[in-house]
Each structure stands twice: as structure tokens, then as C-alpha cells.
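All remarks here apply to the structure that follows.
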Amino acid sequence: MTADLLPVDIAGIKMKTPVMTASGTFGFGMEYSDFVDLNKIGAVVVKGTTLMPRSGNSGVRIAETPAGMLNSIGLENPGADEFLNYILPSLSKYDVPIIVNIAGNTVEEYGEIAKLLDVDGVAGLELNISCPNVKQGGIAFGTNCNSAASVVDMVKKNTRLPVIAKLSPNVTDITEMARAVEAAGADAISLINTLLGMAIDVRTWKPILGNVVGGLSGPAVKPVAVRMVWQVANAVKVPIIGMGGIMTAEDAIEFLLAGASAVAVGTANFVNPRVSMEIAEGIEKYLLQRGLTHVGQLIGKVKIGEA
Amino acid sequence: MTADLLPVDIAGIKMKTPVMTASGTFGFGMEYSDFVDLNKIGAVVVKGTTLMPRSGNSGVRIAETPAGMLNSIGLENPGADEFLNYILPSLSKYDVPIIVNIAGNTVEEYGEIAKLLDVDGVAGLELNISCPNVKQGGIAFGTNCNSAASVVDMVKKNTRLPVIAKLSPNVTDITEMARAVEAAGADAISLINTLLGMAIDVRTWKPILGNVVGGLSGPAVKPVAVRMVWQVANAVKVPIIGMGGIMTAEDAIEFLLAGASAVAVGTANFVNPRVSMEIAEGIEKYLLQRGLTHVGQLIGKVKIGEA
Amino acid sequence: MSKLVVQAPVLKNETISNLVKRLTIYSPELAGKAVPGQFIHVKIADSYHPLLRRPLSISDVDVAKGTVSTIYRIVGHGTALLAQLKSDEVLDCMGPLGRGFNLECKKPLLVGGGMGLAPLVFLAQRLCPRPVEILMGGRSEQEMFWSSIYSTICDRVHIATDDGSVGQRGFTVDLLPELLESGNYDMVYSCGPRPMLEKIAAIAKNFAIPCQVSLEEHMACGVGACLSCTCAGKEGKRKKVCTDGPVFWAGEVF
Amino acid sequence: MSKLVVQAPVLKNETISNLVKRLTIYSPELAGKAVPGQFIHVKIADSYHPLLRRPLSISDVDVAKGTVSTIYRIVGHGTALLAQLKSDEVLDCMGPLGRGFNLECKKPLLVGGGMGLAPLVFLAQRLCPRPVEILMGGRSEQEMFWSSIYSTICDRVHIATDDGSVGQRGFTVDLLPELLESGNYDMVYSCGPRPMLEKIAAIAKNFAIPCQVSLEEHMACGVGACLSCTCAGKEGKRKKVCTDGPVFWAGEVF
Ligand SMILES: Cc1cc2nc3c(=O)[nH]c(=O)nc-3n(C[C@H](O)[C@H](O)[C@H](O)COP(=O)(O)OP(=O)(O)OC[C@H]3O[C@@H](n4cnc5c(N)ncnc54)[C@H](O)[C@@H]3O)c2cc1C
Ligand SMILES: Cc1cc2nc3c(=O)[nH]c(=O)nc-3n(C[C@H](O)[C@H](O)[C@H](O)COP(=O)(O)OP(=O)(O)OC[C@H]3O[C@@H](n4cnc5c(N)ncnc54)[C@H](O)[C@@H]3O)c2cc1C
Ligand SMILES: Cc1cc2nc3c(=O)[nH]c(=O)nc-3n(C[C@H](O)[C@H](O)[C@H](O)COP(=O)(O)O)c2cc1C
Ligand SMILES: Cc1cc2nc3c(=O)[nH]c(=O)nc-3n(C[C@H](O)[C@H](O)[C@H](O)COP(=O)(O)O)c2cc1C
Ligand code: FES
Ligand code: FES
């Protein structure tokens, strides 16, 4: 890869490419090390981490849907201590920014875990105020401007790290949420998290997911995600990390044109474990073919109202 | 078809099958008469009709997306007078309930058109308070409880016909909207209308749709639609007409199990012009195989919390 | 005239030029009903990806053999999958759809550009034995496989290529005036990119020669039900390209 | 042991019973690495429908020929498409994935039900020349094509069918106690529906015979990254079926 086409800086996090891996879909990174050179990923956003370990939801956790999937993992994770003591050290051998996706049940909890994670080796925090799979907290924060803002505010008070607010698409007006978290001090905004969905097995009459409802991701949601990124790009100044159904370089470019400064790839990793690297290569090829010199020349360049 | 398995009565509208055709996807019915015996359709919901004729949006109006499509027709329609004077009469030869989907820019307009359409030959009114493709009005009504309620209230005052409120999925809490329109007197609720989406052509950097954004429909949205139908079924008492991505009898049964008393088929008509009849036949087959005697035995029967 | 959905066996799916193929299916019903200018709406692969049907003009019909052909260019996901169809596989086709060309003329001139030349083949066949002439335009020589197709049907084939590699250098619209000047044609049939059609219609109008144009719009239903495909009509009213067209009298739409 | 993604040519995709097929692909890399109990994660059709990969146990490996086989039942959209794969088409496979069986034993008893019998074929092969016995259960005779497969590999094949049409009437778990009583086995390997595995594990425990079980869960990534597939582990900690398993010591999970 020619060094100078793809590097981006998102709220002070320096990435070699604008292609990150989405939280919950790439483990802690090493799970994919047989397939991907982690040193060539923009950033790894690790699985949603909570103060205490969580065992997540019981029963079936995923269901395939047309061009998408539902998941209801329920934030299973080893907890912040285990992450800091055992997982983070093993990631230090890779030259890639590690962004920790954090979730809490109360505003205070977000603050506590933010403080714990304010250590070397963590490049930034992504606030999961939008997980549809946790009863208390989670999505509640993500669908109310005030609580979303207070989470961001609390986290900012407890860390020196860049703070990325991850928005839920399950809202009437995404720009309202975006403005609220920006005003509260978010250094960047990532979207979209999953759309709340449900699937029923017509043979058993039972919901396919043990948790009844789950989060929809994959190509199916891409049009909604692109629309929201475009709306938010026109509403805030902080950089946007776009995601939702990205499977190819063309998909990623759609998000960049809509206004995203970087993208994250989630479900696609399950389909093609090398996809995060291949998308970066594809973007570079696209830039070269058009004689562009940097990926920044695509950001927000969608042509509106031109014949 | 054995006569007694499929008939349903939705808010006084007697249908031979629970399978209706969704507004805007089946014209006025006769467009599909070469393929479908209209007398075997539950009900035909005609294209969104406004007081005055509308020419709709300019530029490309549809875009294909993974397992779905975006549309931004912009409520092109001949207007209420033309409908009453030329179209409705030609539909009288068919023995199928005609439900008129109406849209307005003001609460008053909804009232006026409702009054105009309160005539023989019209079986019911579906209030499109959720069209994402019209600047003023449309979705505005559909995403605010009070204005949605006032539209329903106004229409009820101006017609003796059953009134179906069609909800937009682009809201934070669909149950809040459902309760509001039920309280305002809606006789039934239909959902979902389309999810607001966008697609960009990475070759031209332009939005594919002339209208920039459009409504997402098709299999891609089914999990969101099923979830909302299930939530609304648990929130209101009025019957629900479920739609969103129904392509097969199994899909339709998923909606019935989730709590819909009838279903509507939209995008699927474009893929298989006979689908509305075939789905009804498929539901009947399913009932017979399980020794069930009426489709009502499926409604809302999803088993929650059973091991 | 009633429309059908048929599961038509594929007889041939041959490459006729770089990225352009000719698909021939067996369907006596479609072959019997089709008139020039109409199209079929095909469901490629029994999958939700792609989801929608794809409209393709009927470019050749053999009523005796019961075959229908379409000539298509591979431009995206759907046509790429269509290109993989093999003989004996079946294709789900709706058709024949749309309003075709009015054939009432004595000395027609066909004008086509790019894939707009596809439907004109069927038209030329049905216009015979009348003397049929065609003016075709294309990007360069590689496009001109069309001439080999038309030279077998038409009395005269006039060619314009932008690099002059074949026929005369220039666009069809540059050559059209002198042809209309000399040729005493009584009908112009045209199909191609909209800007070209508008120019052709304007020129034909100057020469007071009636002109029919075949339009393209993105289509979902193909039967007039969804209003995806409407265009501004002259008398104010919108026109549905799928049912009022795809063939229009120039005056109806320009 | 490192995992691969290979584009493996299909050699055979033959029907071996009603709705059950055996797919054989050519991949020396996979054949060389695979151990019994592991699985491959296949992308069926280059499409978003279906979107996710499908996990399939490796049921036969020929290192010399460089082939890997899997025996699968057609149950839904993905396996139905897989069944249409023809020789020379290529299949996108990730593998070998998961932790396989521990082979340290002298006199093993394999116990399998339904499609759980698929991975045990490869296990039986690798356990030879040790004396290998299998107790298999199935719904009825039609399931018992398995006996023809195992009779060529195993010293003894014990069969239980619920209608007694072949072997003894009953379930594997009914026949297991007397077998363990008499057979002085030193290892029980089992694969099948979870309720059956739990009963088998309990019985083996009574006889103080070590028992390994192969579990199934819905999987997205197959490599331990998504937590779709975790199950409750004994020491409180969750276990990932895709990487900690699919093979577990009974004590780890029951
Ligand atoms: C009446 C009619 C007749 C046609 N006849 C021919 C023909 O004879 N030969 C031929 O090569 N092409 C013809 N076309 C164009 C052809 O339909 C498109 O090239 C084709 O649909 C592209 O599909 P795709 O999936 O490969 O491309 P994609 O770009 O992936 O398609 C995405 C979506 O856009 C639509 N679309 C893309 N391009 C067009 C277009 N030019 N017109 C309408 N919809 C489009 C597709 O139908 C699909 O819904 C005709 C179009 C119309 C409307
Ligand atoms: C480790 C492992 C090994 C397996 N080995 C075999 C084998 O050797 N032979 C065989 O016939 N089957 C095997 N299965 C089951 C096989 O993966 C499913 O039958 C298959 O995925 C069904 O896909 P489908 O699209 O046909 O069914 P659908 O029901 O349409 O699949 C829908 C979704 O559910 C998932 N799913 C459905 N059934 C199962 C299941 N039983 N286990 C896990 N996921 C499921 C699918 O992967 C898909 O994501 C194995 C499963 C696992 C986890
Ligand atoms: C299995 C799975 C687990 C996920 N876990 C998390 C999580 O822990 N925290 C979070 O913020 N988002 C989580 N997500 C959402 C993704 O990070 C991403 O926002 C979403 O999937 C849309 O992107 P995609 O369509 O590319 O997958 C998860 C998604 C999936 C599919
Ligand atoms: C082309 C098109 C036009 C539509 N027009 C209308 C409309 O006029 N009024 C309305 O209430 N809904 C309209 N809809 C929404 C559908 O009625 C339906 O709610 C939606 O498409 C979801 O169902 P489906 O996935 O089965 O298509 C339209 C949908 C499509 C695809
Ligand atoms: S394509 Fe639906 S109206 Fe023309
Ligand atoms: S399938 Fe992803 S963790 Fe096991």
C-alpha cells in the first residue's frame, strides 16, 4: 500500500487506513490474526466492555435475515479488569489503535469504566449508548438526548482519551442525538448501531432469538445507515465513523461520500475474514484510478442538487 | 380455496383473505388484473391519494438495495376528483374491498379528502401519515404523536368509513404512536411504511434518487417490521395490518403470529405479480397441514418465554 | 392485449461483443404476442439479491420457432448474473410489456445509438419488406457489431462513430439532417440516450417527419402500478414509460 | 494451529440418502491440517442471500488425495443451495476450525445420533487401528445408511432405531448402559442432539468412563470473535463452541 493515500486522523487517533473493525464483530482482534495483518487495520474497536463480567443472553443469539442478521449477544464480556490485565497486554505487540467500546447501566458506571480504561495501549473510547440487547441502560441512553449527553459528559470528565459516541438508529431524529452528544463534548460520532428487529420461527411459533428481539446488521441496513451518516454530517462538525452493511470498497466509499471520515466493518468480517484489509486496498485502488491523492478528497463530497 | 379458513373482518371491512396489497405497489388494482384475480385479494389499498393531483418527484425514483429497494415517488397521483369520477367506477366490477390511502399537507386537508371519499365503493380509508417522500406534511405527522392523533381525529369527524392509521417506522417508540392514534379513534393500525434511506452512486458521486432520500422496503426491512408489529400488538386493542418485506406465506405467517390480523404485500408484487394470491393459498395450506380451522388461530400466537 | 408470466427455457446465451450478449428463450406465447418496441421484465435468479426484475427490450422474435431474443449489455449485478445463464435453465419472464412502435409508414428511417439499437432489430424485421434504412451511432468500431446485424435486414446502413473508425465521423444527430434532406422518409423511429432522442425529435420536427422515440426509465413493476417510471408528458399529464410507452410519439414527451 | 480460507474445487456432491448428501472438495491444505471433530465454515454462493457462512463438520479426509468431505442434511436455504453445487465449481471454505477430539484412548465407544454421526466417521478413521465400536441411533431405517458407512471402519456397529426396523428398538441412551457394563471401554465419544449428549455424559460418568461431546450452536464468525455460539461452561466461565469446542470434555459443559 502506498503510504500516503489512506492515513486518517480521527479525533487524534492516527489510523493507517480509514477502515476500522466494528465492535462486537472482531473480538479483540487476535481472533482474526490468521486472516488479517492487524497492523494494516485502521483501528480495532473491541467488544463492548462493562465494569463487571457479563455472561450475556441465553438461548439462540443470532438469526439470519434477508441480506442481514439479527444478534442478541447481550454484551457478553470478561469485564474491564480482565480486559486490562490479560487482554490488552497481549494486544500491545500489534501496531494498531485499540478503541474500547464501553457500556454501563448507569451514568456513573460509564464514568468508572472510563477512568479504569484511561491507560496506555487504549487509543480511545467508543460509548455504546445504543445496544439494543441490554435490558437496563443500553438503548435507553441512546434514544434520549439528555441521558446520552450526560453519559458523554461523565465520560469526558473521567478520561483524557478521545471519546466517540456511538448512536442508535432507533430514533426519530438522529441529528438531534448527534447535536446533543457533540455539545456534550464527544470528539467523534460513530453510527449506526443495529436496528431493533425480530424473527419468528413459523414451525415452532417461537422467536428465533432467545432474547426475542435483537439488533439487525448487514447489507440490509446500509441505506438507512448512509442516510443517517449524511444527515449527521450536515448537522455536526466532529468527525463521523460510518458503518452499517459495509461489505465492499464501494460500500465504504458511499459512506465516505455521505460524510464519514472513516468507516467500520462489522458483519462483513463473518462473511469474509479478510474484508477489512481488502476494503482498504479497494479504496486505495479507487483513489488511484481517479487520480486522487488522499481519501480525504472523498469525505462528504456527495453531489446534491447537481443535474 | 375452501371458503371458511381465510376470511377476516378488519374494523368492519370484510375480506376473503387476510392478504391485502400495499398502497403504492398495486396501482388501483386493474394494473395487475392480467395476473391476479382481484376477487381473490383480501383488499386493494390504492395509491396514496391527495386532494389535488400531484406529479411527484423528478429524477430517478427507485434504487435497488440489498434485499430491498428505495422509492421516492413523491405521491404522484391523479387527485381525489379524478379518482372518484373515473377510477373508482371502473373498480366496481370487482368484488374486492377498495381501501383508499390518503395524504394531506394539513390536518384540514385530511378532513376534506376524507369527506370527499365517504362514498359507496370505498371500503375504508388508510391514513398515510408516514410518507417519507413529501416535504411538507407526510412523515411530519407520522413522527409526532399529537399531530398524528389530530389527523385521525379530523378524519374520523369527516367519514363514516373505517379509518386505518398507517404508522411510520422512523420513530423512537412505535407503541407511543400506536396508542396515540388508537386513542384518537383509529379503527385499525397498519405498519410499517418505509424506512428512510439513501443510496449514492460511487461512479457519479450523486445520490441515486432524484429526491436524494427515499423509503426502504422489501425483505431487508422485515425484521424491523415484525418487531414493530409485535410491540404494537402488545400496546393496543385495535386490529393490526402488518407489512414490510413479505415475500412468502411463511413471511406473512410470521406477521400473523406477531399479532397482525391481516397483512399487506407491497414490493413482492413487483417480483412476482401473482404473489398476493399465492400467499393466501400458502397460508391456507399451512393451516390445513396443522389441522387449524381458521387463520385467526395464528394471530398473536408467538410463544414468548417458553422453553 | 394481455400480459403473461412465463418460465421460459433458455436456448442460447451467446456473447456477440465485449460485454454484450444475446439471450434467446423459448416461449411461443411471448413470441406470438410481442410487437416491436415492447420489452420483457425478467427475474434473474430465484434470490432476493438482486430483488427486482430487469426490463429488456425484445430484439428478435421467431414466431415459427417460438423464440424471443434480447440483446443486453453487462452493466451491473443483474446483467452479470444474466450472462451466466446456461441453456436449458429457465428464466422467469413477464411480457410482452409496454406499447410498441406504430408501424404505419412507407419509407422509415431508424436511428439508434448504443444499446438503443437492440429493440430496432425487431422493428426492422417487422417493417420489411418495406425499404428500411438505419442510421446507427456508437462509441467506436467495437460497438459496430450492430452493422453486421442490420446489414442483413436493412436496405441501407448509415454509420456514425465518434472516432470515424467505421462509417462517418460524428454523431447520428450530425448526419441526420442531410439524410432527411435527401431520403424522403415518412417516419423516424429512434431509440438511445435521452439527449440524443431529443435532438433527433427536434430535427425530424424541422423536416415535418413524424417521429417515434423509445424511452428508458428505472422500473419496478413494469405494469403501470408503482409510478417508478413516469416522465413529464407534453399535455401536462405524466406518462408511464412502462405502459404508455416505452414508445412515444416525440410530441407526447418532448 | 493456523486457520485458512481456501477456494476449494468441488469434486463430488452426491446424494447418499433422502435429503442427505456428501460433498467432497479438493484442498490439500485443509486435508493436511484437519483433525477429527473440527469443522469448515463455508460461504454458499457469492450472494447476500444467504449472507452468513454455514458450519459443517469434517466427516472424511484423504490426506493422500488432498480431499475433505462433509456429510450434510438439507434443512434450509443454505444447505438447499449447497446441494446444487456441481463438480468443478469452487466453494469458499474457512477451516479447519475448532478444537477436535482428544484421541488418547485404547478402547473407544462412539455414540452418535442423527447428523451427529457425520463427524464421527473421520474420528473412527483416525482411531483405527484401535478397535472402534459405534452405537448409533436414528429415527428409522432410512437414517441407517450410516451403518453401511461405519461397518467398513468399525469392529462393531450397535444400532438403535426408535421403531426397531434395524438393530434394537429404542434410543442410544437406552442401550448405552449395558454396553458400558460389558465392553470395558476407556473413552466415550459422542455427537448428536444436546439432550442425548447430556444423558450419555451422565451415564458415562456413572461408569467413570471419560466422555467427550461435540456441541452445536448457531455461529456467525466461527473463530471466537462474535460470541454468537457461547454456552455455559461448568467453572462459571462461558465457552465458545467455535473455538473452545465444538468438542468438550463432558465435565466442561454439563
Ligand atoms: C424498457 C427498457 C428496455 C431496456 N432494454 C434493454 C436492452 O434491450 N438491452 C440492454 O442492455 N439494456 C436494456 N435496458 C436497460 C436495462 O434494464 C439495464 O441495463 C439493467 O436493468 C441493468 O441491471 P443491472 O442489475 O445489471 O445494473 P444495476 O445498475 O446493478 O441495476 C440497479 C438497478 O437500476 C436499474 N437500472 C440500471 N440501469 C438501468 C437502465 N439503463 N434503465 C432502467 N433501469 C436501469 C436496474 O433495473 C436495477 O433496478 C432497458 C431498460 C428499459 C427501461
Ligand atoms: C460445528 C457445527 C458442525 C455442524 N456439522 C454439520 C454436519 O456435519 N452436517 C449437517 O448436516 N449439519 C451440520 N451442522 C448444522 C448446519 O450448520 C446447519 O444445518 C446449517 O447451517 C443450516 O443452514 P440452512 O441455511 O440450510 O438452514 P437455515 O435454517 O435456513 O439456516 C438459518 C440460520 O440458522 C443457522 N442454523 C440452522 N440450523 C443450525 C444448526 N443445527 N446448527 C447451527 N446453526 C444452524 C444457519 O447456519 C443459518 O445461519 C453443524 C453445525 C455446527 C455448529
Ligand atoms: C454479533 C454482533 C455483536 C455486536 N456487538 C456490539 C457491541 O458490543 N457494541 C457495539 O457498540 N456494537 C455492537 N455491534 C454493532 C456493530 O458494531 C455495528 O454497529 C453494526 O453491526 C452495524 O455494522 P455492520 O452492518 O457492518 O455489522 C454488534 C454487531 C454484531 C453483528
Ligand atoms: C413504490 C412504492 C410506493 C409506495 N407508495 C405508498 C403510498 O403512496 N402510500 C403509503 O402509505 N405507502 C406507500 N408505500 C409503502 C408500502 O405501502 C409499504 O408500506 C412498504 O413498501 C412496506 O411493505 P413492502 O416491504 O411489502 O413493500 C409505497 C412503497 C413502494 C415500494
Ligand atoms: S414501472 Fe411501475 S409504473 Fe412503470
Ligand atoms: S461463532 Fe463467533 S464466537 Fe463462535
Side-chain angles (χ1 to χ4, degrees), chain A residues 59 63 65-70 142-144 168-173 195-207 212-216 218-231 245 247 249-258 286 298 301-307, chain B residues 59 63 65-70 142-144 168-173 195-207 212-216 218-231 245 247 249-258 286 298 301-307:
Chain A
T65 66
M69 68 178 281
L70 290 166
T143 55
N144 174 300
S168 166
N170 302 293
V171 296
T172 304
D173 182 357
L195 279 162
L196 195 59
M198 176 177 179
I200 299 170
D201 185 330
V202 298
R203 288 163 304 178
T204 63
W205 294 18
K206 289 182 197 156
V212 182
V213 295
L216 181 64
V221 308
K222 193 185 73 171
V224 174
V226 171
R227 181 262 298 183
M228 289 188 166
V229 165
W230 177 69
Q231 288 178 313
M247 303 292 288
E250 285 64 36
D251 295 336
I253 290 161
E254 221 180 318
F255 279 83
L256 297 170
L257 291 169
Y286 178 95
L298 298 176
K301 291 301 192 327
V302 59
K303 299 177 182 169
I304 304 294
E306 296 182 27
Chain B
T65 66
M69 67 178 282
L70 290 167
T143 55
N144 174 301
S168 166
N170 302 293
V171 296
T172 304
D173 182 356
L195 279 162
L196 195 59
M198 177 176 179
I200 299 171
D201 185 330
V202 298
R203 287 162 305 178
T204 63
W205 294 18
K206 289 183 197 156
V212 182
V213 296
L216 181 64
V221 307
K222 194 185 70 171
V224 174
V226 171
R227 182 262 299 182
M228 288 188 167
V229 165
W230 177 69
Q231 288 179 313
M247 303 291 288
E250 286 63 36
D251 295 337
I253 290 161
E254 221 180 319
F255 280 82
L256 297 169
L257 291 169
Y286 179 94
L298 299 175
K301 290 300 191 325
V302 59
K303 299 176 181 170
I304 304 294
E306 296 181 26

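In what follows, chains carry the letters A, B, and so on, assigned in the order in which the sequence lines appear, proteins first and then strands, with residues in each chain numbered from 1. Because the structure is a prediction, the values reported are computed rather than measured.
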Item to complete: Decide side-chain contact (heavy atoms from CB on, under 4.5 Å) for B/Trp230 and A/Ile200; before the verdict, give the C-alpha distance in whole Å, the side-chain angles of both, and the deciding distance to 0.1 Å.
Response: CA-CA 10 Å; B/Trp230 177 69; A/Ile200 299 170; 5.8 Å; no
Discussion item. With chain A as the partner, which of B/Gly245, B/Ala225, B/Pro169, B/Gly197 has the greatest number of non-hydrogen pairs under 4.5 Å?
Written reply: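 It is B/Gly197.
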Worksheet item: Based on non-hydrogen pairs under 4.5 Å, which of A/Lys303, A/Arg227, A/Arg203 is most in contact with chain B?
Response: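 Highest number of pairs under 4.5 Å: A/Arg227.
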Fill in: Pairs of heavy atoms under 4.5 Å with chain B: top-ranked of A/Ala220, A/Gly59, A/Ala63
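The residue among A/Ala220, A/Gly59, A/Ala63 with the greatest pair count is A/Ala220.
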Worksheet item: Is there side-chain contact between B/Gln231 and A/Val213, with heavy atoms separated by less than 4.5 Å?
Response: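 SC-SC contact between B/Gln231 and A/Val213 ruled out.
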Practice prompt. Using side-chain contact (heavy atoms from CB on, under 4.5 Å) as the criterion, list what pairs up with A/Val221, not counting sequence neighbours.
Written response: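 A/Val221 satisfies side-chain contact (heavy atoms from CB on, under 4.5 Å) with A/Ile192, A/Leu195, A/Leu216 only.
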Practice prompt. Output all residues satisfying side-chain contact (heavy atoms from CB on, under 4.5 Å) with B/Ala199, sequence neighbours left out; order by chain, then residue number.
Written response: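 B/Ala199: side-chain contact (heavy atoms from CB on, under 4.5 Å) contacts with A/Glu254, B/Leu70, B/Ile208.
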Practice prompt. Please determine which of A/Leu257, A/Ile253, A/Leu256 meets the side-chain contact (heavy atoms from CB on, under 4.5 Å) test together with A/Lys301.
Written response: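 Considering A/Leu257, A/Ile253, A/Leu256, a side-chain contact (heavy atoms from CB on, under 4.5 Å) with A/Lys301 is found only for A/Leu257.
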Practice prompt. Below 4.5 Å from any heavy atom of chain B, which atoms of A/Val212 appear? Answer side chain, backbone, both or neither.
Written response: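 Contact with chain B involves the side chain of A/Val212 alone.
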Practice prompt. Using non-hydrogen atoms and a 4.5 Å limit, figure out which bit of A/Phe255 sits close to chain B: side chain, backbone, both or neither.
Written response: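 When you check distances to chain B, no heavy atom of A/Phe255 falls under 4.5 Å.
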